[in-house]
Amino acid sequence: AQTVTQSQPEMSVQEAETVTLSCTYDTSENNYYLFWYKQPPSRQMILVIRQEAYKQQNATENRFSVNFQKAAKSFSLKISDSQLGDTAMYFCAFMNPSGTSYGKLTFGQGTILTVHP
Amino acid sequence: KAGVTQTPRYLIKTRGQQVTLSCSPISGHRSVSWYQQTPGQGLQFLFEYFSETQRNKGNFPGRFSGRQFSNSRSEMNVSTLELGDSALYLCASSLVSRVEQYFGPGTRLTVT
């Protein structure tokens, strides 16, 4: 079974600074996807970024980028130029797109990020 | 394009009752997955439906069930409610690839 671990329950950052959220995972699969989701106080989960395991290049979406280390099973999220609207709970998630694992996301425990003005 | 919608947004039920939650996916999405979110257990996968068939199921008792209709709308049902069923129930929809999931706003269920 796959597991996802986020070791930072809470983090804080000053507006306009950069912050990195950590995530490690455990799997014996070679083909999988990794995601970061954001859940602001409104509770709506928003997909931030996705990474395919077979791609060596790290995914980037505007101010959000990942550092994907497949051998180390590490998948961190870097938020540059932090904004007040980035305040939210961030979840790292894993999916193995095969067989009965299709459609199932396995989530980490989440990291609460607070951006201070 | 409209996002995933869930109804109702809030629900209060009594122990022993049953409840039905509804989820309408993004137009064109054929897969719907359901998750339970609680402070203690975090986000846990309940089940996934694709083309009206349950394709995957999480580790939840049989009191939790669901179905999907031909228009891809999905419902989940919880029978004989327990206090521990109080949670935020999230549904997510995805295209045929069933990889990238888009979430609805959730239904907050409180069991008293």
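The figures that follow rest on heavy atoms only: side chains count, while hydrogens, waters and symmetry mates do not. In what follows, every chain begins at residue 1, and chains take the letters A, B, ... in the order their sequences are listed. This structure is a prediction, so every number in the text was calculated from the model and none was measured.
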#### Entry: Contact class of A:L47 relative to chain B, heavy atoms under 4.5 angstrom
side chain
### Query
In terms of heavy-atom proximity below 4.5 Å to chain B, should A:M45 be classed as side chain, backbone, both, or neither?
both
#### Entry: Member of B:R55, B:R73, B:R67, B:Q54 meeting the side-chain hydrogen bond (donor to acceptor under 3.5 Å, both in side chains) criterion with B:Y49
B:Q54
### Query
Can a donor-acceptor pair be found between the side chains of A:Q69 and A:N67 at a distance below 3.5 Å?
yes
### Task
Return yes if a side-chain donor-acceptor contact under 3.5 Å exists between A:E52 and A:Y33, otherwise no.
no
### Message
If you define the side chain from C-beta out and look only at heavy atoms, does anything of B:L90 sit under 4.5 Å from B:L43?
### Response
yes
### Task
Tell me, out of A:R50, A:Q109, A:K104, who's got the most heavy-atom pairs with chain B below 4.5 Å.
A:K104
#### Entry: Main-chain N/O of A:Q8 paired with A:T111 side-chain donor or acceptor, under 3.5 Å
yes
#### Entry: Residue from B:Q6, B:M76, B:E75 passing side chain to side chain contact (heavy atoms under 4.5 Å, CB included) with B:L21
B:M76
### Query
Relative to chain A, which of B:G106, B:P105, B:A92 shows the most heavy atom pairs under 4.5 Å?
B:P105
With a 4.5 angstrom heavy-atom cut-off, which part of [X] approaches chain A: side chain, backbone, both or neither?
X     : value
B:L46 : neither
B:F50 : neither
B:Q37 : side chain

